[in-house]
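Below is one structure; the comments refer to it alone.
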Amino acid sequence: MDQIQATLSKDFIRAIIEEDLKNNKNKGRVATRFPPEPNGYLHIGHAKSVCLNFGIAAQYGGTCNLRLDDTDPSGENLEYVESIKSDVRWLGFDWGDRIFFASDYFEQLYQYAVQLIEEGKAYVCSLSAEEIRKYRGTLIEPGKDSPNRNRAVEENLEMFERMRAGEFDEGAHVLRAKIDMASPNVTMRDPVLYRIKKEPHYRAGSKWCIYPMYDFAHCLSDSLEGITHSICTLEFENNRPLYDWILDELQVNCHPQQIEFARLNLSYTILSKRRLIELVEKGYVTGWDDPRMPTIAGMRRRGYPPEAIRTFCERIGVAKNDSIVDVALLEHCLREDLNERAPRVMGVLNPLRVVIDNYPESQVEELDCPYHPKNSATGSRKVPFSQVLYIERDDFLETPPKKFYRLAPGREVRLRYGYFIKGVDVLKDPQTGEVAEVHCTYDPETRSGFAPDGRKVEATIHWVSAAHSLPAEVRLYDRLFQVANPLGEKEGSDFTNYLNPKSLEILKTCRVEPSLAGAAPGSRYQFERQGYFCVDPIDSADKTLVFNRTVALRDSWAKIAGQEKK
Ligand code: ATP
Ligand code: MG
């Protein structure tokens, strides 16, 4: 409930921006950016940041840049750049021509570093990474000066140039800011600004063998792009003084304000590119777009409408303290959206053959079935009805308990949009003893769905005509992890231990109504009584329809929210 209420009041970031606008700070300009590193696909956590940055720009008549923060060649590539672009676009945001690459600033960043050296504010340090760590001190002990801290400016300049020229091995030297080894903020203890990395960059090629660190590149990229509000996640709070220090020391024209907000954590999944890569690389999932993944690509393939994701991001709001959002809220937003837009159709996941003994063998009726119960504008389609049908296997029991209201010998049910049928007899598979076929009779007087004598039935079940229905494969997804917080379980245990072995169930013998022939890849439907499904955009072809279940119908969020209200 807190999460829903958060949207009722303006979030603290928008409050800051409105105050700035009131004071004509930045001459009334609002410029944000979304700065992903192209070292993985975007996930729903990134969506929160996308919605926030692009949303604020739109709301206040500002601009939002898409900036690829590609300053570390390891793990970055073009595939990730393209996926980021397509995911942001799919979420519904448009950067126009405002796409930027931090790697395009390498030369300028280098010149800024030279400027710091010249002013005696940066030096080349030759300690090893291990020594640098030791010299840094701890939260309760101050650090110790590097023996190179007072290297002469000339020597620093020369060494930095030679670092760039590739004369040294990786790890031999780094460039560090000269700030304060006794600062209570460990980040300010002469942070590393540049390191040697003899790795080609996917855009810059082998032009560089030194690369700027995030803290150096990020604030300056923001500044070069004229960003006014640099919105990032809470883990950068301790880096803010460094962000400001670099911009102040270099006396740049534009000094954006860094504002931190709580990152999104979602139950039963993980939102960390590093760990998602592990799932992909070790084959725990089929790829970045596996419908179980919390990635935008995975959610898109699973059938999430972008609107539902945006609504979710709005509802969770923006806060200053970390928390884990219940995935049931995301699913609630999804159902709310799909309930409005998804046409209803019938699909049988576990078919059981039903023969209506008193229905003429060669007769076929076309039943008119509306696509949406509330929205008549979406029209209707004809669904063929004939003597042999398929119904859901668990809608029938040969010897039902008292409270079973669906089909059974001697029990009558309504077929959705059609007749009443009554169970008569069963045929069994001689080998397995399983019910193979149910024989029924129908009441020709009940085509309207009601009996003229006013008798009632307890259940309405979905069905398809055996001869007219289409074969389909259906993939049912469950949560990727068995526990709500896979990273917060036992100390030292591997998060992959908590993967849900039942997160995917593939049903290969499903039957769907013929109106779904040629259904467009990615199109979404409600299969009555079964949930929301979408046509898998990759594996579905004309002859073999493949559906992903986006989400089942039952909404646990409404229940949770209801309990909290009490
Ligand atoms: P990860 O931990 O998944 O690797 P990251 O922060 O390293 O994420 P970036 O590509 O650097 O990924 O993130 C781009 C932007 O998205 C940053 O501004 C970052 O703060 C934001 N972001 C990343 N994860 C989340 C999250 N879970 N919730 C909200 N914003 C996020
Ligand atoms: Mg990052």
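Excluded from the calculations below are hydrogen atoms, water molecules and symmetry mates; all remaining heavy atoms, backbone and side chain alike, are included. As the structure lists them, so they are numbered: ligands from 1, and atoms in each ligand from 1. Since we're looking at a predicted model, the values are computed, not measured.
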Could you list which atoms of ligand 1 come closer than 4.0 Å to a heavy atom of [X]?
| X | value |
| --- | --- |
| F34 | 15 (C), 16 (O) |
| P36 | 10 (O), 14 (C) |
| H43 | 3 (O), 24 (N), 27 (N) |
| H46 | 8 (O), 9 (P), 10 (O), 12 (O), 13 (O), 14 (C), 16 (O), 22 (N), 23 (C) |
| P35 | 14 (C), 18 (O) |
| T233 | 19 (C), 20 (O), 29 (C), 30 (N), 31 (C) |

Using a plain distance cutoff, I'd like to know if [X] has any nitrogen or oxygen under 3.5 Å from a nitrogen or oxygen of ligand 1.
| X | answer |
| --- | --- |
| G45 | yes |
| K48 | no |
| R263 | yes |

Flag the pair [X] and [Y] as a salt bridge only when some basic side-chain nitrogen lies within less than 4.0 angstrom of an acidic carboxylate oxygen.
| X | Y | result |
| --- | --- | --- |
| R341 | E307 | yes |
| R67 | E225 | yes |
| R301 | D536 | yes |
| E82 | K85 | yes |
| R479 | E331 | yes |

- Would you indicate which of R274, R33, K273 comes nearest to atom 9 (P) of ligand 1 when only heavy atoms are counted?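 Ranked by closest heavy atom to atom 9 (P) of ligand 1, first place is K273.
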
- Query: Which option out of N39, L264, L52, I316 puts a heavy atom nearest to atom 27 (N) of ligand 1?
  - Reply: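 Comparing heavy atoms across N39, L264, L52, I316, the nearest one to atom 27 (N) of ligand 1 lies in L264.
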
- Task: With the side chain counted from C-beta on, respond yes when L499 and L279 share a heavy-atom pair under 4.5 Å apart, and no when they do not.
- Result: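 A side-chain contact exists here, since the closest heavy-atom pair is under 4.5 Å.
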
- Answer whether the closest heavy-atom distance between the side chains of T550 and Y304 falls below 4.5 Å.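 Yes; the side chains approach each other to less than 4.5 Å.
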
- Task: Start with the C-alpha gap between E260 and R240, add the side-chain angles, then the distance that decides, and say whether salt bridge (charged side-chain N to carboxylate O under 4.0 Å, His left out) holds.
- Result: CA-CA 9 Å; E260 309 87 20; R240 188 178 352 121; 2.7 Å; yes

- Message: One residue to check: F236. Relative to ligand 1, which of side chain, backbone, both or neither has a non-hydrogen atom less than 4.0 Å away?
- Response: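 Under 4.0 Å from ligand 1, F236 contributes no heavy atoms.
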
